[in-house]
Every structure is written in C-alpha cells, then in structure tokens.
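A short write-up of the structure that comes next.
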There are 2 protein chains.
Amino acid sequence: MTTRARGLHTHVLESLGLAITAGAYPPGSVLRTDELAQRFDVSRTVVREVIRVLESMYLVESRRRVGVTVQPAEQWNVYDPQVIRWRLAGADRPRQLRSLTVLRSAVEPVAAGLAALRATPAQCADLTEQALGMVATSRGRRLEAYLVHDVAFHRIVLDASGNEMFARLGDVVAEVLTGRTHHQVMFPDPDPAAVTLHVRVAEAVRARDAAEAERLTREIAVGALQELDVLAP
Amino acid sequence: MTTRARGLHTHVLESLGLAITAGAYPPGSVLRTDELAQRFDVSRTVVREVIRVLESMYLVESRRRVGVTVQPAEQWNVYDPQVIRWRLAGADRPRQLRSLTVLRSAVEPVAAGLAALRATPAQCADLTEQALGMVATSRGRRLEAYLVHDVAFHRIVLDASGNEMFARLGDVVAEVLTGRTHHQVMFPDPDPAAVTLHVRVAEAVRARDAAEAERLTREIAVGALQELDVLAP
DNA sequence: CGTGATTTAAAAGTCATACTTTTGTGGCCT
DNA sequence: AGGCCACAAAAGTATGACTTTTAAATCACG
C-alpha cells in the first residue's frame, strides 16, 4: 500500500522522505541523483524535483561535485506537515508524539484564552456541540466517534483564536489525538475528568472568560502529558 | 539586490515566493509553467522544480490541464522558515510580527519551565552570560549589541528545553527580535524592567525553579505583546 | 619535503525537445 | 436536458547534450 498510484514524483518523494526521517541514511550520507534515478527506475528529472523538495524541508542538501547530503535531524523542518507525517509513521513515533504533545500543552491554553475573546457566536455554538458530542460518546467503547468530536473541538479552539500560526496547528493536533487513540494502549473509555473539562472550556469561551478558558485548557494539557508518562514512561 | 547570484532556481523561487506571499496573485490565480519559463527566461525544468517546492509549502497547487493555482493564505505553511522570511519582507510584516509574537508568548514560558528542569551547567552559564550582556548593553543606544545578547538568550532557553519543536523556533524568535529592533519605531533604550526579568529567568533556570522561570518568561511575553499594542495599535 | 598553483574529472545545474497522461470543455447525439 | 465522446491544453515524464562548480589529485617550485 506504499505505492499509491499518484504519480512518480509523489512516490519517490514519499519513499525517500520516509527513509530519511526513519534514519535509514545516517546524517552525512551522500546520495547521487543518477543512482537514485536508476534505483527508482525514473528519470533524473523526477529525482531532481524530489531532491529540491526535500531540500526545502532541510532533510538534504545538494552540492555540486559532492552530491545530495542527508542532513542531521536538528536541521529538519519539523513543522512541515509532510515531515510530521513521515516521522509519525516511523520508528520514533513515541518521541514525536511526546514533543508534539508538549507543543500542544504550550499553545492550546493560550489559544483558548484568545478564543474566549474572539470566538464568533457560531464558533461558540460549534464548540458546545462538539463538547456535548464528546460527553455523549464518552462511554461504551465508542472511541472512534469520540475522537471525531475531540479533534473538531480542538480545531475550533485553534481557529477561533484568530491567530494563523495557531490555526495551522489543527492538523498537528488531529494527528496527535488520532495517534493516541489508534496506536497506543488506550483506556477503553476516555477520562471522564477530561470530558468535563472540555465542556467547561466551551462554557468559558461562550462566557468570554479568557482566564478560565486558559486555565481549564491547561488542565487538559496536563492530563495529556500525564497520560503520556503513564503509557510510555 | 534582489538578484543574488545563487543560481537560477533560487532566483526564480525567491521571486515567485515573494510575489505570492505578498499577494501579487490573488488566490485562485492560474500560472502556466511555459509562461513562467518565458517570463523569467529560464527553462521549463527550472520552473517545474520551483513549482514543486512552492507546492510543498502549500503556496500553489499544480493540476494537469489546469495549470498552477495560487492557494489562499490559510493554506500556506506559515511555519516554513522561507515563507516566514518572505512574509516578513512583504507588506503584511506587522501582522506577521504580531502573530509570531503571540506564538512566542505561548511557547517561551513553557520552554523556560522545561529549561529550568533540563538545562546543562554549560547552558546555565551561557544563559547568565547573555543576561549580563543584556544588562551591560541596555544603556547608551547600543541596540545592536543588545539584540545579539537578546537573541542568544532566547535561543538558549528554547534549546535547553530539550524539545525539538521548541528548539526549531529559535530562528523565528531571532527574526521577531531583529524585526522589532530594525523595522519599528524603537525606544532608544530597551525597557529596564525587561532586562531585569531576563536576569531573573537566568537565575531561576540555574536554581532549577521551573515555575518561577515560566512565570518570569510569561511576564517578558506580556511586555512584548504590550509593546506591539503601543507601537502599532 | 612541504606548500601553493594548476589541472582534472565528478556531480549537480541547465537547456531543448519529444513524447505521455490526465482532464476540462465543447460539440454531438439521443 | 442529459449524457457520451472526441479534442486539445497543460502538466508530467524521459532523454541527451551541454555548462558550471568544486573536491581532489597532480605538478611545479622554493
């Protein structure tokens, strides 16, 4: 299933990106475009375009007379959605989930505070709806349905913050929540305390109580971090 | 000075990226590779490689039989360093500085808290040194020297947090601080209160007092936000 | 012997062209 | 009106020739 029929470029990009982020090539390794073209059985044209993209993600660096050098992980643009996906699909998924969760714990409380100041009535209503949806699906092993509401909830908060940088983290949060549900030993039902907190965040936002919305979201974040420590100590 | 002799690819990428992020092409505009090749007087090969990179930044989308469509700003990967640079160089620099500052205000306090737990002795020493440097240069219109210490200080905190996502924001913070110093109406001397706060953060980190480091950094962040409101209300 | 200039060749960068594939559009038929 | 089909436009891919940069080997000289 690794070979979706989406064009040669996509295929080669996916293969190489996955391999590099998985650490298949130690930093400093040198690739040659000719060799890659041969290996993937595509033209040099395709390889070059792929390399240019990987270069823009700081996964590799291309230099004349030298070749394409794999960069150390500290260089990688870890905010690139593609890179995030590759890393989540690879071996250090746990490490990646952890650092993303820490990022969430920093960003989401502030976003919630801003959302309380700026959310439109429609967004408030949406938020309440999702929170209620979480309540409704929080029992009886309905994790999938719960996840949908959870993701939607956090996305709305980030959007409503009115900050574009926050809003763009919606996908990241979705990945983290999905990963948590699917790939970790998950409790059969979500933590009831967390569910309640979501409802109260929705209320605080509707009440324009920024401080409370921030405080409550920080509690949710602490819970998420603790969960990580419990499940992968 | 817009045409650095760094290769055709770089030149075209820079031109197009800058133009798109500046809003020169309204979202939905369609470009054709042939036309671009002609306009920049380069081969279609070069244009295609550029398009692929812009596509990976979600600035454009390329579809057969249609052409290259400019994406709306909400799609852009605003965490890409290149995109950040382009936007900072363009017309909505103020808006960009604002959203980056909000991001900082969310991330840096948490990073400082983590740094207090994890900073190595060397990092603690470095931090103190930079804080003292800030004190030393905070008077007498030595803004440039002050800036260097300021940037270094925040970089160390982000690095010492031990979170890769935080660490990668070092460049962003550097951009914001530099932009604040160079492109805004700057007070002749930095705010003495801010300088003191930096010193105390360094002390808190050295003392392993995470809560205090976080609290103090939050104060710095509040100051930065207020400064924005004062200078560009 | 070491050191600096010079040559060499390896690899990426660029270009032109020919061909393939996808897909929006317009016309035709019912 | 609705659906089918043929057409053409634009991106995607392949190939081969050529240019430019530059690491490294070679050579000349003190």
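Letters A, B, ... are given to chains in the order of the sequence lines, protein chains preceding strands, and every chain is numbered from 1.
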dist A/His182:NE2 -> A/Leu147:CG (nearest 0.5 Å) comes out at 5.5 Å
Exercise. Is the shortest side-chain N/O distance from B/Ser62 to OP1 or OP2 of D/dG12 below 4.0 Å?
Worked result: yes
note: A/Arg6, atom CZ; C/dT22, atom P; distance rounded to Å ~ 15 Å
Between CD of B/Glu35 and P of D/dA11 the distance, given in whole Å, is 10 Å
- Item | B/Gln38 atom CD: more than 12 heavy-atom contacts under 6.0 Å | no
Rounded to whole Å, the CZ-P distance (A/Arg32 to C/dA10) equals 11 Å
| said: Treating A/Trp76 as the side-chain partner and A/Val60 as the backbone partner, does any N or O pair qualify as donor plus acceptor under 3.5 Å? | reply: no
Of D/dA11, D/dT15, C/dA12, the nucleotide closest to the side chain of A/Thr45 is D/dT15
The nucleotide from C/dT14, C/dA12, C/dA18 with an atom nearest the side chain of B/Arg44 is C/dA18
* Taking OP1 and OP2 of C/dA12, is either one under 4.0 Å from a side-chain nitrogen or oxygen of A/Thr33? -> yes
Atom CZ of B/Arg64 and atom P of C/dT22 are separated, to the nearest Å, by 6 Å
Judged by nearest nucleotide, the residue sitting upstream toward the 5' end of DNA chain D, A/Val66 or A/Glu49, is A/Glu49
Which word best sums up how the rings of B/His154 and B/His198 line up, parallel for under 30°, tilted for 30 to 60°, or perpendicular for over 60°? perpendicular
note: A/His11, atom NE2; D/dT13, atom P; distance rounded to Å ~ 12 Å
Report task. Flag yes if more than 12 heavy atoms outside A/Arg63 fall under 6.0 Å of its CZ atom; otherwise flag no. Result -> no
Hey, is the side chain of A/Arg65 pairing donor to acceptor with the base of D/dA23 inside 3.5 Å? yes
* Which part of the nucleic acid, if any, lies within contact of A/Arg63, taking any heavy atom under 4.0 Å across all strands shown: a base, the sugar-phosphate backbone alone, or nothing? -> sugar-phosphate
Rounded to whole Å, CZ of A/Arg52 lies from C1' of C/dA11 at a distance of 13 Å
request  = Would you please confirm or rule out a distance under 4.0 Å between OP1 or OP2 of C/dA11 and any side-chain N or O of A/Arg48?
outcome  = no
Between CD of B/Gln38 and P of C/dC15 the distance, given in whole Å, is 14 Å
Ranking C/dT14, D/dA11, C/dA12 by distance to the side chain of A/Asp34, first place goes to C/dA12
In whole angstroms, the gap separating P of C/dG13 from CG of A/Leu36 amounts to 13 Å
